[in-house]
Amino acid sequence: MDGNRRYAKRKLLEEGAGHDVGAMALLNMIIYCHELGVKYITAYAFAIDNFRRKPSEVQKIMDLLKECMTVLAKIAKHHPIKVNFAGNLELLNTELRDEARNLMGATAKYSKFVVTICVCYCCTDDIVHSVEESCREKHYYHCYIGDSHDDDKDDERPIIKLVDIEKNMYMAVIPDPDILIRTSDEHRLSNFLQWQTCHSLLASLSTDWPEIGVWHLVKVVLDFQQNYDYFVRKRSLA
Ligand SMILES: CC(C)=CCC/C(C)=C/CC/C(C)=C/COP(=O)(O)OP(=O)(O)O
């Protein structure tokens, strides 16, 4: 959701106001996705690296996260929406972590429309966490990573396979995305879902996140649909 601070600067607002409008844009985008029949929406709300920002800004984003949770909890009371929080939730304060877990628990029974908020997330951390978890599962800390012990048949170390790593990632709760949207003319992945986006359509919009609207979404979805055969073929051949 790039461009919150750029938006605030351009509009001569204080920095935090960019995040306020950004949070509103996220809630609107969730509604647009629902209206358009998109089943999964995933937002990169707070990267682990974002802890390096000014404490006041970190606090501002955490406050907004809490407000978003409250709004999503209210929506979930009347609409079947599943809410996931993906990332290292241990890095959140206890209150937020508990609220996140409660909301996930309360909405776990739904599956028709799934909103995933990535907080304290970065993909490399997810990969490391998943490899550690996979080793723990096999009760062994010196595992062999690969499909077989090609070189040494007597090697009895448990094998960690690709499926183990994929199953244990925070992002395993949802399928890989069809489309990844970046705003503010950014073209990098910035440690977001690089494992999961090898066959995704990457859409870079010049608009700042707070100004994203339904027509941006419609255009990106139409672009995806025009290349739908390509994406499906890539996936099935992969
Ligand atoms: C669910 C939830 C927590 C919503 C909170 C509001 C929200 C939209 C947070 C995103 C924070 C963030 C790091 C945005 C990136 O833009 P930037 O701040 O890097 O701005 P820039 O690209 O202009 O520098």
Side-chain angles (χ1 to χ4, degrees), residues 1-34 40-76 81-93 95-104 106-107 113-123 125 170-171 173-174 180-193 202-213 216-217:
M1 295 188 279
D2 301 279
N4 287 355
R5 291 180 298 187
R6 273 169 272 188
Y7 169 86
K9 206 169 173 183
R10 189 162 40 83
K11 297 277 179 184
L12 306 177
L13 301 170
E14 57 171 271
E15 203 172 77
H19 293 310
D20 284 329
V21 188
M24 275 306 296
L26 173 60
L27 292 172
N28 283 333
M29 192 52 71
I30 291 171
I31 295 168
Y32 304 147
C33 282
H34 183 263
Y40 299 93
I41 171 168
T42 302
Y44 198 7
F46 192 80
I48 292 179
D49 282 352
N50 291 149
F51 276 115
R52 288 201 225 121
R53 293 193 179 192
K54 281 183 298 189
S56 58
E57 190 186 352
V58 172
Q59 188 56 49
K60 172 79 192 176
I61 296 173
M62 291 299 155
D63 291 346
L64 282 168
L65 175 60
K66 192 167 162 28
E67 282 180 42
C68 279
M69 285 183 194
T70 309
V71 173
L72 291 172
K74 279 188 184 151
I75 294 175
I81 159 176
K82 178 179 194 154
V83 185
N84 294 319
F85 292 91
N88 185 352
L89 301 189
E90 294 301 318
L91 299 177
L92 289 175
N93 71 34
E95 189 193 355
L96 274 179
R97 186 166 58 244
D98 288 349
E99 285 201 32
R101 289 189 175 143
N102 288 342
L103 187 50
M104 283 194 279
T107 61
F113 183 59
V114 183
V115 175
T116 303
I117 312 274
C118 294
V119 276
C120 308
Y121 171 88
C122 70
C123 191
D125 178 67
Y170 297 127
M171 296 313 300
V173 289
I174 46 170
L180 183 139
I181 301 177
R182 270 209 88 152
T183 48
S184 292
D185 243 342
E186 298 292 350
H187 293 81
R188 295 163 285 114
L189 285 180
S190 301
N191 219 335
F192 185 54
L193 303 185
L202 302 183
S204 180
L205 305 176
S206 55
T207 185
D208 289 330
W209 174 259
E211 291 179 317
I212 193 166
H216 295 105
L217 181 66

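One-based numbering, in listed order, for ligands and for the atoms of each. Note that this is a predicted model, so its numbers are computed, not measured.
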Tell me: protein heavy atom nearest [atom], and distance?
| atom | value |
| --- | --- |
| atom 4 (C) of ligand 1 | Cys68 SG, 4.1 Å |
| atom 20 (O) of ligand 1 | Arg5 N, 3.1 Å |
| atom 13 (C) of ligand 1 | Asn50 OD1, 3.6 Å |
| atom 14 (C) of ligand 1 | Met1 O, 3.3 Å |
| atom 7 (C) of ligand 1 | Asn4 ND2, 3.8 Å |
| atom 23 (O) of ligand 1 | Arg6 N, 2.8 Å |

Quiz item: Mind checking whether Ala23 has an N or O less than 3.5 Å away from an N or O of ligand 1?
Solution: no

Quiz prompt | Min N/O separation Gly22 to ligand 1 under 3.5 Å | solution = no

Quiz item: Which is it for Arg53 and ligand 1 at heavy atoms under 4.0 Å: side chain, backbone, both or neither?
Solution: side chain

Exercise. Examine the proximity of ligand 1 to Ala45 and report which part, side chain or backbone, both or neither, has a heavy atom under 4.0 Å away.
Key: both

When rounded to the nearest 0.5 angstrom, what distance separates [atom1] in [X] from [atom2] in [Y]?
| X | Y | atom1 | atom2 | value |
| --- | --- | --- | --- | --- |
| Leu65 | Leu92 | CG | CG | 6.5 Å |
| Phe51 | Phe46 | CZ | CZ | 4.5 Å |
| Ile41 | Phe113 | CD1 | CZ | 6.0 Å |

For ligand 1, which atoms sit closer than 4.0 Å to a heavy atom of [X]?
| X | answer |
| --- | --- |
| Leu26 | 1 (C) |
| Leu64 | 5 (C), 6 (C) |
| Leu65 | 3 (C) |

For [X] against [Y], the heavy-atom pair lying closest together:
| X | Y | value |
| --- | --- | --- |
| Val83 | Met104 | O-CG, 3.2 Å |
| Asn191 | Tyr121 | O-CE2, 3.6 Å |
| Glu14 | Ala8 | O-CB, 3.6 Å |

Practice problem: Output all residues satisfying ring pair (Phe, Tyr, Trp, His ring centres under 6.0 Å) with Tyr32, sequence neighbours left out; order by chain, then residue number. | Solution: none

Quiz item: Quick one: does Gly3 get within less than 4.0 Å of ligand 1, heavy atoms only?
Solution: yes

Exercise. Taking only Lys NZ, Arg NE, NH1 and NH2, and the carboxylate oxygens of Asp or Glu, determine whether Glu15 and Lys54 approach each other closer than 4.0 Å.
Key: yes

Show me the donor-acceptor pairs within less than 3.5 Å that the side chains of residues 21-28 make with the rest of the protein, sequence neighbours left out.
none

